[in-house]
Amino acid sequence: MDITDKIVKLTDSISYLPATEEPFSCDIGFVKTDDCTWIFDVGVGEAAAQAINAVEGKKKIVISHFHPDHITNLPLVSYDELYVSKHTQKYTHCGTVLETATDFGGVRVLPIPSCHAKGCLVLLAGDYAFLGDGAFCQRKNGDFIYNVQVLAEMIRFLESLDCKYFCLSHEQLFVQHKPAVLSVYYDIYERRHKLEKGNQFINVNDLI
Ligand SMILES: [Zn+2]
């Protein structure tokens with residue numbers, strides 16, 4: 001089977017290659033604009049690399065964050081431009097660093113306040129915001145947790161995004177309505193009232 005057959009079309013210009021468990025690889029977003037195709041994350045393994053290399057024309061890659069399931073294919077794919085956060089660049093050793101929200105023709109790349117990892121970026125294209133793992137929790141000592149303050153900032157950031165859908169990497173349902181995703185985070189944020197004094201971390205082990 002041709003790997004490009006696995007690409008799921010969302011609109012005429014926006015599509016994605018679904019994440020896989022084996023190898024453990026993230027979803028990869030494709031956004032075609034007038035002058036190039038934007039690619040969000042590069043994943044792991046031959047199949048994902050092939051899907052990226054099969055894209056014709058100019059390619060601009062944005063890496064969501066530094067975790068291996070999002071960056072491993074970088075040396076295996078061809079591209080014209082690469083955008084990363086400052087923290088991600090410590091792992092990729094290449095790419096243009098973006099530190100603030102930046103408009104490119106047809107897409108916008110923004111840093112998201114994230115509990116999951118340092119230096120997460122999101123890609124906004126039309127009705128869709130590719131969030132990578134940016135909205136996910138942090139794993140610490142076997143627990144899944146959100147820092148209350150960062151979670152509050154993340155919620156404000158997500159609310160501010162002008163889009164209809166959030167694309168959440170690795171989720172069974174990759175594309176979800178913005179209000180549905182936000183309601184999950186509102187519920188998690190409500191848990192702060194039950195924290196013992198001095199505890200800044202909301203535990204979400206029961207939701208994973
Ligand atoms: Zn991650």
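Whatever order the structure lists ligands and atoms in, that order sets their numbers, starting from 1.
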Practice problem: Could you grab the distance from atom CG of Leu82 to atom SG of Cys94, nearest 0.5 Å is fine? | Solution: 5.0 Å

Quiz item: For residues 86-127, which residue pairs qualify under ring pair (Phe, Tyr, Trp, His ring centres under 6.0 Å), counting only residues two or more places apart or in two chains?
Solution: Trp38-Phe104, His65-His116, Phe66-His87, Phe66-Tyr91, His67-His116, Tyr83-Phe104, His87-Tyr91

Quiz prompt | Whether Phe130 and Phe174 hold their rings parallel, tilted or perpendicular, with breakpoints at 30° and 60° | solution = tilted

Quiz item: Excluding waters, how many protein N/O/S atoms sit closer than 2.8 Å to the Zn ion (ligand 1)?
Solution: 4

Quiz item: Do other residues, nucleotides or ligands put more than 12 heavy atoms under 6.0 Å from the CD atom of Glu159?
Solution: yes

Quiz prompt | Pairing residues for Lys140 by the side-chain contact (heavy atoms from CB on, under 4.5 Å) criterion, not counting sequence neighbours | solution = Gln138, Ile145

Practice problem: Sort and list the pairs that fulfil ring pair (Phe, Tyr, Trp, His ring centres under 6.0 Å) and have at least one residue in residues 188-208, not counting sequence neighbours. | Solution: none

